[in-house]
Amino acid sequence: MNSWGQGLKTGNEGSSSPATAAQTDPALERFTARAILGKSIKYAAIGRVTLRNHFAYVTDFIVRSIFLIIIMYIFIQLWRVTYQGEGSSFIEGYSYEQIIWYILFAEALATAFPSLSTKVEEEVKNGDVGYKLTRPFSYIGFHYVGYVSEVMVRLLVNLGVGGILGCSLFGWPSFGWGWAGFLLMSVGSVTVNFLLNMGLALCAFWVEETRGLEFVYHKLLFTVGGMLMPLELFPGKLQEVCRWLPFQTVLYFPAKTAVRWSDVTWVPMLGVQMIWIVLLGTVVGLIYWRGSRKLNVNGG
């Protein structure tokens, strides 16, 4: 009888474990949801502060807008002469109007990207990086939220200025869903560009100056990234090389999607952007891990 009672007691204890686990699951889920919500609120606050700070620099907006107009005036004259010299209305499927709008979109994005190397380099030099590494959020995530917020403000201003310039030359464009496609591609574009820049900026853990690396990257973005002209205008061999590089996802994808929406296959483009985001995110994570370990060893 005692053994039977002990067995019954043991069985009851064993059967009560799943019930106990089931009772704790909702609490665990609430804790996880609360933690995610808390982190989201933190990063949203970072984004709001960045936006508020950036709106204070009105002169910066004006100077950048004037620079964009000057650059576009040069490109307008250059491509007008080019099309006149070709004696054709289309070059590699692009009309003169499409080329100018393409460069407008590409320039609007390129001039909207702030410098990460300058920020991270200064943080490493003056020791602020050690303070930020101890904060209750990701160092890379902190810079990503601030970066995206700043790009949003700059891009809206650039699109406004560039749109007025383009409409004054050609009237309202018939892009169809191209505007939406541009915004969709811009999300991946900004993320890829951030990861490429952050990878270079984190080299400040080992070298004092990273702005030279950023300068070289910008020149690659201007050329093989498709800012100066669409990749279709490149020689065949160079086109093949460019399609294996991440630079095309930053400027070429969004600008082409905007002006030639009916001709693009945007789903594969998004897929290419996602692949590069995963690959570059992994590389940036490794660089950050190695750099933060070096900082801990050297700085204590």
Side-chain angles (χ1 to χ4, degrees), residues 32 35-54 109-110 112-155 185-218 220-221 225 245-247 249-251 270 272-300:
T32 304
I36 295 174
L37 179 62
K39 287 186 177 181
S40 300
I41 293 174
K42 289 179 185 178
Y43 289 120
I46 295 170
R48 286 197 302 271
V49 171
T50 303
L51 286 174
R52 193 181 302 118
N53 291 340
H54 201 64
L109 262 176
F113 296 143
S115 174
L116 267 177
S117 290
T118 303
K119 294 180 181 179
V120 176
E121 186 180 299
E122 289 300 321
E123 288 174 358
V124 173
K125 285 182 178 179
N126 58 30
D128 285 348
V129 64
Y131 167 68
K132 290 185 177 179
L133 287 176
T134 61
R135 288 185 173 184
F137 47 70
S138 166
Y139 179 76
I140 296 176
F142 168 80
H143 277 290
Y144 178 72
V145 173
Y147 185 85
V148 171
S149 301
E150 191 168 349
V151 170
M152 283 172 53
V153 177
R154 290 185 174 192
L155 183 58
M185 288 292 170
S186 294
V187 176
S189 164
V190 172
T191 304
V192 172
N193 189 69
F194 167 81
L195 292 172
L196 287 167
N197 275 278
M198 179 55 77
L200 298 176
L202 289 175
C203 292
F205 286 121
W206 292 273
V207 297
E208 290 187 0
E209 296 290 337
T210 59
R211 299 177 197 181
L213 298 174
E214 187 181 53
F215 176 81
V216 173
Y217 166 69
H218 286 165
L220 289 172
L221 201 62
L245 300 175
F247 310 118
T249 65
V250 179
L251 298 178
L270 284 177
V272 172
Q273 284 185 333
M274 290 304 299
I275 290 172
W276 279 113
I277 288 172
V278 172
L279 292 176
L280 292 171
T282 303
V283 172
V284 169
L286 290 173
I287 295 174
Y288 171 74
W289 177 71
R290 293 292 300 275
S292 60
R293 285 185 64 191
K294 181 179 184 299
L295 183 68
N296 290 332
V297 170
N298 292 342

Is the closest side-chain heavy-atom distance between [X] and [Y] below 4.5 Å?
X    : Y    : answer
T210 : V120 : no
F113 : L251 : yes
H218 : N197 : yes
W276 : V272 : yes
R290 : F205 : no
N193 : Y147 : yes
L109 : S186 : yes
F194 : H143 : yes

Taking atom [atom1] of [X] and atom [atom2] of [Y], what is their separation to the nearest 0.5 Å?
X    : Y    : atom1 : atom2 : value
L116 : L196 : CG    : CG    : 11.0 Å
M198 : L195 : CE    : CG    : 8.5 Å
T191 : I277 : OG1   : CD1   : 4.5 Å

Minimum heavy-atom separation for [X] and [Y], please, with both atom names.
X    : Y    : answer
S117 : A201 : CA-CB, 3.8 Å
T282 : V278 : OG1-O, 2.8 Å
L221 : F247 : CD1-O, 4.0 Å
G141 : S138 : N-OG, 3.0 Å
E150 : P114 : OE2-CB, 3.5 Å
L280 : P246 : CD1-CB, 4.5 Å

**OP:** Return yes if a side-chain donor-acceptor contact under 3.5 Å exists between T249 and Q273, otherwise no.
**Re:** no

